[in-house]
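These notes concern the structure reproduced below.
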Amino acid sequence: MNVTERIKDQLENNPVVLYMKGTPDFPQCGFSAQTVQILDACHAKYAYVNILEDLEVREALKEYSHWPTYPQLYIGGELIGGCDIVTDLYTKGELSKMLAAADAIAE
Amino acid sequence: MTTHTIKQLLNDAFQPELLEIIDNSAAHAGHAGARSGGGHYHVTIVADAFEGKSLVQRHQLIYKALGDMMKHQIHALGINALSPSEHRT
């Protein structure tokens with residue numbers, strides 16, 4: 001599988017994917033950390049990719065999504081945004097609805 | 001210097017009604033992202049180009065206008081992009 005196929009595979013097989021710096025337990029950047037906190041506050045079920053350990057995906061996803069920074073949150077295969085937009089959607093109460101629609105909230 | 005370049009690129013791309021850039025780099029000096037030299041900035045911009053666009057699309061337009069600056073000079077960019085009608089309300 002080439003890198004684009006790997007990205008598509010990740011997005012098709014997981015309703016919610018967070019591409020981040022570090023891991024949810026040990027985020028390596030404040031913006032990734034904040035995004036994890038918000039997803040946890042929503043009780044979201046999500047997959048993550050640590051782009052610091054996958055340099056191929058790190059570069060390729062920027063081109064794929066026309067989005068040059070991390071974190072990047074995807075729901076249903078679609079780019080939702082970075083930390084800014086995720087925070088904005090969360091404070092408006094929309095993020096929980098989007099996660100619920102993707103069946104990605106833990107019981 | 002970087003602030004000046006950001007301003008110029010966004011002015012050229014959007015002819016905005018309002019454009020404010022805040023350099024927050026000092027607040028982040030020394031952390032992992034800042035070590036590579038990229039700064040932290042926040043942009044408030046009001047322009048016709050954002051009318052009817054989603055948040056993702058607005059950010060993508062701005063990233064496109066800034067081009068290679070996002071690779072090195074800018075580590076993080078906070079964006080508040082509004083259309084003129086949204087800004088008035």
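Reminder, nothing fancy here: chain letters follow the sequence lines and each chain counts from 1.
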Under 3.5 Å, which donor-acceptor pairs link side chains of residues 89-99 of chain A to any protein atom two or more places apart or in another chain?
| unit_1 | atom_1 | unit_2 | atom_2 | d |
| --- | --- | --- | --- | --- |
| Thr91(A) | OG1 | Thr87(A) | O | 3.1 |
| Thr91(A) | OG1 | Asp88(A) | O | 2.9 |
| Lys92(A) | NZ | Asp88(A) | OD2 | 3.0 |

- Contact listing (chain A partner; residues 76-87 of chain B; heavy atom under 4.5 Å): Ala76(B), Leu77(B), Gly78(B), Ile79(B)

- How would you list, in number order, the residues of residues 35-61 of chain A that have a heavy atom less than 4.5 Å from chain B? none

- Query: Does one hydrophobic cluster hold both Ile74(B) and Ile22(B), with members joined at side-chain heavy-atom distances below 4.5 Å?
  - Reply: no

- Query: Which residues, numbered in order, of residues 53-70 of chain B come under 4.5 angstrom of chain A by heavy-atom distance?
  - Reply: Leu55(B), Val56(B), His59(B), Gln60(B), Tyr63(B), Met70(B)

- Query: Hey, any chance Leu18(B) and Leu9(B) share a hydrophobic cluster, counting ILVMFWY side chains that come within less than 4.5 Å of each other, even indirectly?
  - Reply: no

- Query: Would Tyr70(A) and His75(B) satisfy ring-ring contact (aromatic ring centres under 6.0 Å, His included), going step by step from the backbone distance to the final call?
  - Reply: CA-CA 9 Å; Tyr70(A) 291 97; His75(B) 168 68; over 10 Å; no

- Message: Taking atom CG as the centre, does Asp103(A) end up with more than 12 heavy-atom neighbours from other residues, nucleotides or ligands that are less than 6.0 angstrom away?
- Response: no

